Amino acid sequence: MNHPSDTIGVESWLKAHPPLPASFFRRPTLELAQALLGKIVVHIAPEGVAAGRIVETEAYLGPHDKAAHSYGGRMTPRTRIMYGPPGYSYVYKIYGMYDCLNVTAGPEGEPQAVLIRALEPVFGETLMHERRRRPKQRKLLTAGPGRLTQALGITTAHYGLPLFVPPLYIACGDDVPPERIVRGKRIGIDYAEEARDYLWRFWIHDHPFVSVLPKQNRSV
DNA sequence: CCAAAGATCGTCT
DNA sequence: GACGATCTTTGGA
């Protein structure tokens, strides 16, 4: 299967989408979760380059957030990277079979992160299609945290990498204006008591690659 | 279209 | 030893 984006030279595409600076990540986590919308996740792998625009994120705010892996200040080999500086990859395995990509956030010592929940394919779609075992619906390539990591070839082997240098980085893309950002409750954390109601999920309004469309929406 | 169930293993208790 | 910041498949309406 061929795709128009594959005909663009890899080198010229990469040159047009350089990494954002480390300073980009240095802002309050709820702001970062929104600032990441429209930016592009790029992975340069041996088998090729794949990239997607971020259209959905969730913020996890550390020791006081019952839905966060770092709730209560838990410090384990898995959560360690969240205690470091912002802009690093926190990749974890979920349900034994899927990998989820997070961007560490907040200043050093504050174990916070932003989960990347959905992308819109922008480069290397043929490669993504292969990695995803050729789904029938294009949306199934990258709509969902487990799907997008599989499409981009991201695994727990990429744990702890800086996301402002190759081979895995966040590239400049669009700034999404506030009026196009919608917020709602986070997905799959019903056990988290009061934290289940926090509106810490953000997505681009009406975007076709958003993973789940909830009933209770609210503009930012 | 939706709900239910199974898959499968790293991580923490 | 239990469970999950998920996804796929299946079966019924």
Side-chain angles (χ1 to χ4, degrees), chain A residues 29-30 32-34 36-37 41 50 52 54-84 86 88-106 110-121 128-161 163 170 182-203 208-216:
Chain A
T29 302
L30 288 174
L32 180 63
Q34 294 168 77
L36 282 168
L37 295 174
V41 181
I54 299 170
V55 301
E56 179 185 352
T57 61
E58 281 179 4
Y60 287 86
L61 295 208
H64 305 294
D65 176 5
K66 286 181 179 164
H69 292 159
S70 53
Y71 173 64
R74 281 197 299 269
M75 169 69 138
T76 68
R78 182 175 68 149
T79 61
R80 196 197 85 255
I81 195 67
M82 281 196 277
Y83 289 81
Y88 288 72
S89 69
Y90 168 38
V91 184
Y92 66 89
K93 178 82 74 183
I94 187 66
Y95 295 99
M97 24 169 77
Y98 301 105
D99 297 296
C100 294
L101 172 65
N102 296 246
V103 180
T104 63
E110 303 272 324
Q112 309 181 347
V114 177
L115 171 65
I116 309 298
R117 283 196 53 90
L119 303 176
E120 169 193 356
M128 293 192 225
H129 200 254
E130 295 296 317
R131 285 185 174 134
R132 288 280 300 143
R133 309 283 303 281
R134 314 179 213 285
K136 299 183 189 78
Q137 314 269 347
R138 184 161 180 260
K139 174 172 177 174
L140 297 179
L141 278 181
T142 52
R147 292 174 181 144
L148 70 91
T149 52
Q150 194 173 43
L152 293 205
I154 297 167
T155 70
T156 51
H158 299 90
Y159 179 95
L161 296 180
L163 293 173
I170 311 290
V182 188
R183 72 190 294 172
K185 298 178 184 179
R186 294 172 292 177
I187 303 293
I189 53 153
D190 287 351
Y191 59 85
E193 300 177 28
E194 78 281 354
R196 62 184 282 171
D197 295 323
Y198 299 165
L199 302 177
W200 289 352
R201 174 174 178 239
F202 302 92
W203 65 96
F209 279 85
V210 168
S211 64
V212 184
L213 295 172
K215 291 134 192 163
Q216 76 302 344

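Not measured: the values here are computed from a predicted model. Naming convention: chains lettered A, B, ... in sequence-line order (proteins, then strands); numbering from 1 in each chain.
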Checking A:R133 now: which residues fulfil side-chain hydrogen bond (donor to acceptor under 3.5 Å, both in side chains) with it, not counting sequence neighbours? none
Rounded distance in Å - CG (A:D99) to C1' (B:dG10): 10 Å
In whole angstroms, the gap separating P of C:dT9 from CD of A:Q137 amounts to 12 Å
Closer than 3.5 angstrom, by distance alone: can the side chain of A:T57 be matched with the main-chain N or O of A:A33 as a donor-acceptor pair? yes
Quick check: are there more than 12 heavy atoms from other residues, nucleotides or ligands sitting under 6.0 Å from CD of A:E194? yes
Atom pairs under 3.5 Å, N or O on each side, protein against nucleotides 1-4 of chain C: can you list them with distances?
unit_1: C:dG4; atom_1: N2; unit_2: A:G96; atom_2: N; d: 3.4

Taking all heavy atoms of A:G106 and all of A:T29, pick out the closest pair and write down the distance. N-OG1, 3.6 Å
Over how many whole Å does the gap from A:Y92 atom OH to B:dC12 atom P extend? 13 Å
Less than 4.0 angstrom from a charged side-chain N to a carboxylate O is my criterion; do A:E58 and A:R186 meet it? no
Could you give the CZ-to-C1' distance, from A:R80 to B:dC12, as a whole number of Å? 17 Å
Would you sketch DNA chain B in dot-bracket for me? Only Watson-Crick or G-U wobble pairs with both distances under 3.5 Å count, crossing pairs as [ ], other-strand pairs as |, the rest as dots. |||||||.||||.
Using a 3.5 Å distance criterion without hydrogens, assess whether the side chain of A:S89 forms a donor-acceptor pair with backbone atoms of A:V91. no
Would you mind building the protein contact string for nucleotides 1-6 of chain B? One character per nucleotide, 5' to 3', B for base within reach (heavy atoms under 4.0 Å), S for sugar-phosphate only, - for untouched. ------
Classify A:R133 by what it touches in the nucleic acid, base, sugar-phosphate, or nothing, heavy-atom distance under 4.0 Å. nothing
Look up atom CZ in A:F209 and atom CZ in A:R138, then write down how far apart they are to the nearest 0.5 Å. 4.0 Å
Does a nitrogen or oxygen in the side chain of A:R201 sit under 4.0 Å from OP1 or OP2 of C:dA5? no
Gap between atoms CG and C1', on A:D65 and C:dA5 respectively (whole Å): 10 Å
In whole angstrom, what separates A:L101's CG from C:dC7's P? 13 Å
Any side-chain donor near an acceptor of the partner, A:H69 and A:Y90, under 3.5 Å: yes
Under 5.5 Å and under 30°: A:Y60 stacked on C:dA5: yes
Which part of the nucleic acid, if any, lies within contact of A:R78, taking any heavy atom under 4.0 Å across all strands shown: a base, the sugar-phosphate backbone alone, or nothing? sugar-phosphate
Atom pair distance, as rounded to whole Å: NZ in A:K136 and C1' in C:dT8: 11 Å
Quick one: which residue pairs count as a side chain to side chain donor-acceptor pair (under 3.5 Å) with a foot in residues 143-157 of chain A, not counting sequence neighbours? A:R132-A:Q150
A:R117 and A:S211: side-chain donor and acceptor closer than 3.5 Å? yes
Below the 4.0 Å mark, does C:dT6 have OP1 or OP2 next to a side-chain nitrogen or oxygen of A:R186? no
Gap separating the CG atom of A:L36 from the CD1 atom of A:I54, nearest 0.5 angstrom: 5.0 Å
So does A:V210 get a backbone contact from the side chain of A:K139, meaning a donor-acceptor N/O pair under 3.5 Å? yes
Between A:I116 and the options A:V103, A:N102, A:I170, A:V55, the side chain to side chain contact (heavy atoms under 4.5 Å, CB included) test singles out A:V103
Closest approach to the side chain of A:C100, judged atom by atom: which nucleotide of C:dT8, B:dC12, C:dT6 is it? C:dT6
So which heavy atom on A:A68 is nearest to which on A:R74, and how close? O-NH2, 3.4 Å
For DNA chain C, which residues of residues 139-151 of chain A approach it to below 4.0 angstrom with any heavy atom? A:G144, A:P145, A:G146, A:R147
For A:A118 and A:L148, which heavy atoms make the closest approach, and how far apart are they? N-CD2, 3.6 Å
What is the nucleic acid contact for A:L115, judged by heavy atoms within less than 4.0 Å: base, sugar-phosphate only, or nothing? base
Within this structure, what is the CD1-to-C1' distance between A:I81 and B:dT11, rounded to whole angstrom? 17 Å
